[in-house]
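Take a look at the structure set out below.
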Number of protein chains: 2
Amino acid sequence: MNNNNKVTNDIDAIPSLVQSKRQIDRYNLDIDAQAILVASRLMAAGAKLGHASEIHFSRFGLSTGRYRLLADLEDNEGEELPSQLAEHLGVTRATVTGLIDILERDGLVSRRSSSDDGRQRSVILTEEGAKKLREMAPEHFARLEAMVGLLNIEERSVFLDLLGRVTQGISALTGELGSETKGKHQ
Amino acid sequence: MNNNNKVTNDIDAIPSLVQSKRQIDRYNLDIDAQAILVASRLMAAGAKLGHASEIHFSRFGLSTGRYRLLADLEDNEGEELPSQLAEHLGVTRATVTGLIDILERDGLVSRRSSSDDGRQRSVILTEEGAKKLREMAPEHFARLEAMVGLLNIEERSVFLDLLGRVTQGISALTGELGSETKGKHQ
DNA sequence: ATATAATGATTAGGAACCTAACTATATAAG
DNA sequence: CTTATATAGTTAGGTTCCTAATCATTATAT
């Protein structure tokens with residue numbers, strides 16, 4: 001059929017240990033191949049999850065970013081400033097402006113100029129926006145829970161711990177060389 | 001100074017357990033808050049890693065995708081078809097075309113028409129491309145290793161295992177509801 | 001042999017995010 | 001009180017990836 005332009009289920013895209021070993025050996029580097037594998041796998045997982053997330057939210061007429069904005073609004077009594085949203089979501093204010101534009105066009109959110117500071121324009125969750133969140137909650141959370149369904153309670157704790165430490169380590173990619181354990185001491 | 005448009009170090013963007021609990025309680029759902037937390041944290045980590053990765057590779061005049069293409073070429077004797085590359089990298093052929101365009105413009109790769117099948121145009125790693133890989137290898141792998149430096153050998157194994165199972169679970173986001181343990185049995 | 005299908009790569013256009021520059025308001029300094 | 005500076009939000013334009021449509025070749029079916 002026309003499955004020729006499908007991304008082949010990512011099955012072949014999973015990095016293997018031999019691949020990592022080969023790359024390291026090629027340049028005679030003193031590097032732990034398993035460490036490279038962890039990094040590569042996390043990267044692949046992140047990309048795959050990001051893509052899956054967009055598909056998931058598109059079922060409700062949303063994107064990942066727009067859902068997160070709505071959810072954050074709901075967590076803050078339905079009203080926030082764009083700059084607060086940007087900080088909470090970990091994106092730039094420019095991105096927030098774009099997210100709001102579409103959410104406002106779709107009636108899920110509205111803008112209101114602030115009285116005390118003329119520069120601020122607070123964002124408000126509309127009744128329709130709240131309804132959208134209410135309607136999608138059961139399926140949304142059920143799917144998220146199912147996603148980690150292959151891990152038992154204890155494994156989830158362990159995973160959170162390990163993931164947290166690797167996440168700290170991400171700064172090793174962006175920071176100066178040799179300062180890998182910088183983010184937090186220890 | 002002008003750190004006002006920085007993404008605030010992502011520190012406030014880390015999802016917390018109370019946040020997850022609140023969201024679930026709001027709709028009286030029977031969902032494990034920790035499961036939601038795992039999903040949210042993985043998502044945040046993936047986004048952060050993706051961003052850091054782009055910064056990392058930009059130091060060498062590359063993007064994540066273009067580096068991965070070069071590395072895959074190197075892993076395959078310096079010659080591959082675009083369709084193979086697409087499969088290995090887990091992206092579409094259209095994306096590969098774009099990656100090749102820039103790599104070719106920069107002289108790291110060249111295209112050659114196949115003799116046996118006129119539709120195919122194989123991609124070849126140039127000497128300059130190989131040199132680029134050679135030069136960046138030490139720093140690149142050192143940084144990757146440093147990234148997981150907060151985990152010891154055993155923890156890396158555990159993390160790989162758990163990450164693998166969560167990655168399998170990602171299909172729960174995109175597949176039909178109720179088929180969460182589909183990818184592999186149990 | 002010739003019309004039809006499939007296939008490999010490309011092009012065209014879209015979505016999500018970014019940085020940098022801009023507008024309008026507010027605050028501080030002389 | 002006027003000028004300089006900082007801040008909130010927006011706009012403009014770029015990057016990476018995507019889907020869908022197109023072009024050129026090859027394979028298949030009458």
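Here is the naming used below: chain letters follow the sequence lines, and residue numbers restart at 1 for every chain.
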According to the interplanar angle, ranging from 0 to 90°, do the rings of A:Phe159 and B:Phe159 count as parallel (below 30°), tilted (30 to 60°) or perpendicular (above 60°)?
parallel
Per A:Asp117 side chain, nearest of listed nucleotides C:dT10, C:dA26, D:dG9:
C:dA26
Taking OP1 and OP2 of D:dG9, is either one under 4.0 Å from a side-chain nitrogen or oxygen of A:Arg112?
no
Reported CG-to-CG distance for the pair A:Leu162 and A:Leu42, which is rounded to 0.5 angstrom:
11.5 Å
To the nearest angstrom, the NE2-P distance between A:His56 and C:dA15 comes to 20 Å
Ignoring backbone atoms, test whether B:Arg66 places a side-chain nitrogen or oxygen under 4.0 Å from the OP1 or OP2 oxygen of D:dT16.
yes
Across all strands shown, which nucleotide pairs with C:dT2 by Watson-Crick or G-U wobble geometry, both distances under 3.5 Å?
D:dA29
If you take the centroid of each ring, where Trp contributes its six-membered ring, are A:Tyr27 and B:Phe141 closer together than 6.0 Å?
no
Out of D:dG9, C:dT11, D:dT26, whichever nucleotide has its closest atom nearest the side chain of B:Arg119
D:dT26
Once you round it to whole Å, what is the distance between P of C:dC17 and OH of A:Tyr67?
15 Å
Salt bridge between A:Arg143 and A:Glu139, side-chain N to carboxylate O under 4.0 Å?
yes
Rounded to the nearest 0.5 Å, what separation is found between the CD atom of A:Glu128 and the NZ atom of A:Lys131?
6.5 Å
Walking DNA chain D from its 5' end, the first of A:Val96 and B:Thr95 to be reached, judged by nearest nucleotide, is A:Val96
Which one, C:dT11, D:dT11, C:dC18, comes nearest to the side chain of A:Thr97?
D:dT11
Report the distance from atom CD of A:Gln84 to atom P of D:dA8, rounded to the nearest whole Å.
10 Å
Could you tell me which nucleotide pairs with C:dG14 by Watson-Crick or G-U wobble geometry, both distances under 3.5 Å, or answer none if nothing does?
D:dC17
Nearest to the side chain of B:Ser83, heavy atoms from C-beta on, is which of C:dC18, C:dG8, D:dC18?
C:dG8
Quiz question: going by heavy-atom distance under 3.5 Å, is there a donor-acceptor pair between the base of D:dG9 and the side chain of A:Arg93?
yes
Which of these nucleotides, D:dA8, C:dA9, D:dT10, is closest to any side-chain atom of B:Gln120?
C:dA9
Between CZ of B:Arg111 and P of D:dA24 the distance, given in whole Å, is 17 Å
By nearest heavy atom, map B:Asp101 and A:Ser63 onto DNA chain C; which one lands nearer the 5' end?
B:Asp101
Using the glycosidic torsion, which applies to D:dA21: syn (within 90° of 0) or anti (everything else)?
anti
Just how far, in rounded Å, is P of C:dT10 from CZ of B:Arg105?
16 Å
Side chain of B:Ile102 (C-beta onward), nearest among C:dC17, D:dC17, D:dT16
D:dT16
Mind calculating the distance between CZ (B:Arg121) and C1' (D:dT26) to the nearest angstrom?
17 Å
Protein-nucleotide distance (B:Leu99, atom CG; C:dT11, atom P), rounded to Å
14 Å
Would you call the rings of B:His56 and B:His140 parallel, tilted or perpendicular, taking 30° and 60° as the class edges?
parallel
Could you give the NE2-to-P distance, from B:His51 to D:dC17, as a whole number of Å?
14 Å
